[in-house]
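Structure first, then comments.
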Amino acid sequence: MKFCSQCGRPVTLTVPVNDDRPRHVCPSCGAIHYQNPKLVVGCIPVWEGRILMCRRDIEPRRGYWTLPAGFLENGETAAAGARRETLEETGATVVDLTPYLMVDIVHIHQIYLMFCSRLLAANFHPTHESSEVRLFKEEEIPWNEIAFKVVEKTLRCYFKDRVSGRFAFRSDKIETRGSIGN
Ligand code: ZN
């Protein structure tokens, strides 16, 4: 951050009184601009045992496969955000959303919250964010073309749990950048 969003003057990076870390502070109007992690919400959309995935048509990781997910907006619940992102990226409507996996990705200031979900119908299509949208059986998952580590982690958890049929909520973390995206 370079300029104050309140008054437009340049900000400085300094530790405010009674705080313990540097913040962007505006010397002109006194505003303190806190920056906090963002919540990314997404779905594992399932239809007759297959998983709906989308091939990204936007950067980063254009051309790679992902599960539908994106930043939660103000004014919506986490589940509503996951449902909206799925609709935006795949054209599909999901129901029965159940929180499944929370992943801390500290180095990029994000927390992922992924939901198990069911497609309402086998209706989906490419979108402005996805060049291709299709269902994958477990043995068809393109593991070498997954966009983000968190997506691979989510899918591996899901297929592991599917053996027992028990999908208990869990948390995990990704601590360093890998060879693929975050
Ligand atoms: Zn200001």
Please report the interatomic distance [atom1]([X]) to [atom2]([Y]), rounded to the nearest 0.5 Å.
X: Gln6; Y: Ser28; atom1: CD; atom2: OG; result: 12.0 Å
X: Leu67; Y: Glu85; atom1: CG; atom2: CD; result: 12.5 Å
X: Leu39; Y: Tyr112; atom1: CG; atom2: OH; result: 10.5 Å
X: Arg9; Y: Phe3; atom1: CZ; atom2: CZ; result: 11.0 Å
X: Met114; Y: Leu101; atom1: CE; atom2: CG; result: 7.5 Å
X: Met53; Y: Glu89; atom1: CE; atom2: CD; result: 11.5 Å

Would you say [X]'s side chain and [Y]'s backbone share a donor-acceptor pair under 3.5 angstrom?
X: Thr12; Y: Thr14; value: no
X: Arg23; Y: Val15; value: no
X: Arg162; Y: Gly49; value: yes
X: Thr86; Y: Pro68; value: no
X: Tyr100; Y: Tyr158; value: yes
X: Arg56; Y: Pro60; value: yes

SB check Glu59 Arg62 (cutoff 4.0 Å)
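Answer for the salt bridge query: yes.
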
What are the two closest heavy atoms between [X] and [Y], and how far apart are they?
X: Met1; Y: Val11; answer: O-CG2, 3.6 Å
X: Ala82; Y: Leu97; answer: CB-CD2, 3.9 Å
X: Asn144; Y: Tyr64; answer: O-CE2, 4.4 Å
X: Cys29; Y: Cys4; answer: SG-SG, 3.8 Å
X: Arg61; Y: Ile146; answer: NH2-O, 3.6 Å
X: Arg170; Y: Cys157; answer: CD-SG, 3.6 Å

Sub-4.5 Å side-chain heavy-atom contact between [X] and [Y]:
X: Ser131; Y: Pro126; result: no
X: Arg118; Y: Val46; result: no
X: Phe167; Y: Thr98; result: no

Would you please name every residue forming a ring pair (Phe, Tyr, Trp, His ring centres under 6.0 Å) with Phe136, sequence neighbours left out?
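In terms of ring pair (Phe, Tyr, Trp, His ring centres under 6.0 Å), with neighbours along the sequence ignored, Phe136 is linked to Trp65.
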
Show your working on side chain to side chain contact (heavy atoms under 4.5 Å, CB included) between Ile51 and Ile44 and close with a plain yes or no.
CA-CA 7 Å; Ile51 312 295; Ile44 310 165; 4.0 Å; yes

Do [X] and [Y] sit in the same hydrophobic cluster, where Ile, Leu, Val, Met, Phe, Trp and Tyr count as joined when their side-chain heavy atoms come under 4.5 Å apart?
X: Phe148; Y: Ile108; answer: yes
X: Met102; Y: Ile105; answer: no
X: Val40; Y: Phe115; answer: no
X: Leu87; Y: Val133; answer: no
X: Val106; Y: Tyr34; answer: no

Is the [atom1] atom of [X] crowded by more than 12 outside heavy atoms at less than 6.0 Å?
X: His128; atom1: NE2; answer: no
X: Asn36; atom1: CG; answer: yes
X: Asp20; atom1: CG; answer: yes

Pair Leu135, Leu119 - check side chain to side chain contact (heavy atoms under 4.5 Å, CB included), show working.
CA-CA 11 Å; Leu135 293 165; Leu119 284 191; 4.2 Å; yes

Side chain to side chain donor-acceptor pair (under 3.5 Å) with [X]: which residues, sequence neighbours excluded?
X: Glu132; answer: Arg55
X: Glu73; answer: none
X: Glu140; answer: Arg134

Partner of Glu129 under side chain to side chain contact (heavy atoms under 4.5 Å, CB included), chosen from Thr90, Ile58, Thr66, Asp57
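The residue from Thr90, Ile58, Thr66, Asp57 that satisfies side chain to side chain contact (heavy atoms under 4.5 Å, CB included) with Glu129 turns out to be Ile58.
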
For Glu88 and Thr127, run side chain to side chain contact (heavy atoms under 4.5 Å, CB included): C-alpha distance rounded to whole Å, both residues' side-chain angles, the deciding distance at 0.1 Å, then the answer.
CA-CA 7 Å; Glu88 287 175 2; Thr127 63; over 6 Å; no

Taking the hydrophobic residues Ile, Leu, Val, Met, Phe, Trp and Tyr, and joining any pair whose side-chain heavy atoms are under 4.5 Å apart, which ones share a cluster with Leu120?
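Members alongside Leu120: Val95.
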
Going by the rule salt bridge (charged side-chain N to carboxylate O under 4.0 Å, His left out), which residues pair with Arg50 if we only count those two or more places apart in sequence or in a different chain?
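Arg50 satisfies salt bridge (charged side-chain N to carboxylate O under 4.0 Å, His left out) with no other residue.
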
Any chance you could lay out the side chain to side chain contact (heavy atoms under 4.5 Å, CB included) test for Leu113 and Phe169, step after step, and finish with the verdict?
CA-CA 10 Å; Leu113 180 57; Phe169 182 77; 3.9 Å; yes

